[in-house]
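Note sheet for the following structure.
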Amino acid sequence: MAMGARWVHLRRCLDCGHIGCCDSSPNKHATAHYRAEGHPVMQSFEPGEDWKWCFVHNAMA
């Protein structure tokens, strides 16, 4: 939001709580966070969604 960019969906890192945008968003901050920090599991931060994604296994966690 600080960048003024739009996002499609938000993801929350289960290791540290970082909020990043999904890969359908221009900046792909959730994936960038995984690559920079090595935190492998993100959870949807969207209302009504209750799923997790593991970058290591490229699968739902």
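Values below: every heavy atom of this structure, side chains too, minus hydrogens, waters and symmetry copies.
C13 approaches H33 most closely through the heavy-atom pair SG-NE2, 3.6 Å. Nearest heavy-atom pair across H29 and G20 is CB-CA, 3.9 Å. Of all heavy-atom pairs between G17 and R12, the closest is O-CG, 3.8 Å.
For the atom pair CD of E46 and CG of L10, the computed distance is 5.0 Å after rounding to the nearest 0.5 Å.
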Let me have the donor-acceptor pairs involving side chains of residues 49-61, under 3.5 Å, with sequence neighbours excluded, atom names and distances please.
unit_1, atom_1, unit_2, atom_2, d
E49, OE1, S44, OG, 2.5
E49, OE1, W51, NE1, 3.1
D50, OD1, Q43, NE2, 3.4

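The side-chain hydrogen bond (donor to acceptor under 3.5 Å, both in side chains) search around H18 returns none, not counting sequence neighbours.
For the pair I19/R11, no side-chain contact is recorded, criterion being any heavy-atom separation below 4.5 Å from C-beta on. By the 4.5 Å heavy-atom criterion applied to side chains, C22 and T31 are not counted as neighbours. Side chains of C21 and H9 form no contact here, defined as non-hydrogen atoms less than 4.5 Å apart.
L14 belongs to a hydrophobic cluster with V41, counting contacts under 4.5 Å between side-chain heavy atoms of Ile, Leu, Val, Met, Phe, Trp and Tyr, direct or through other members.
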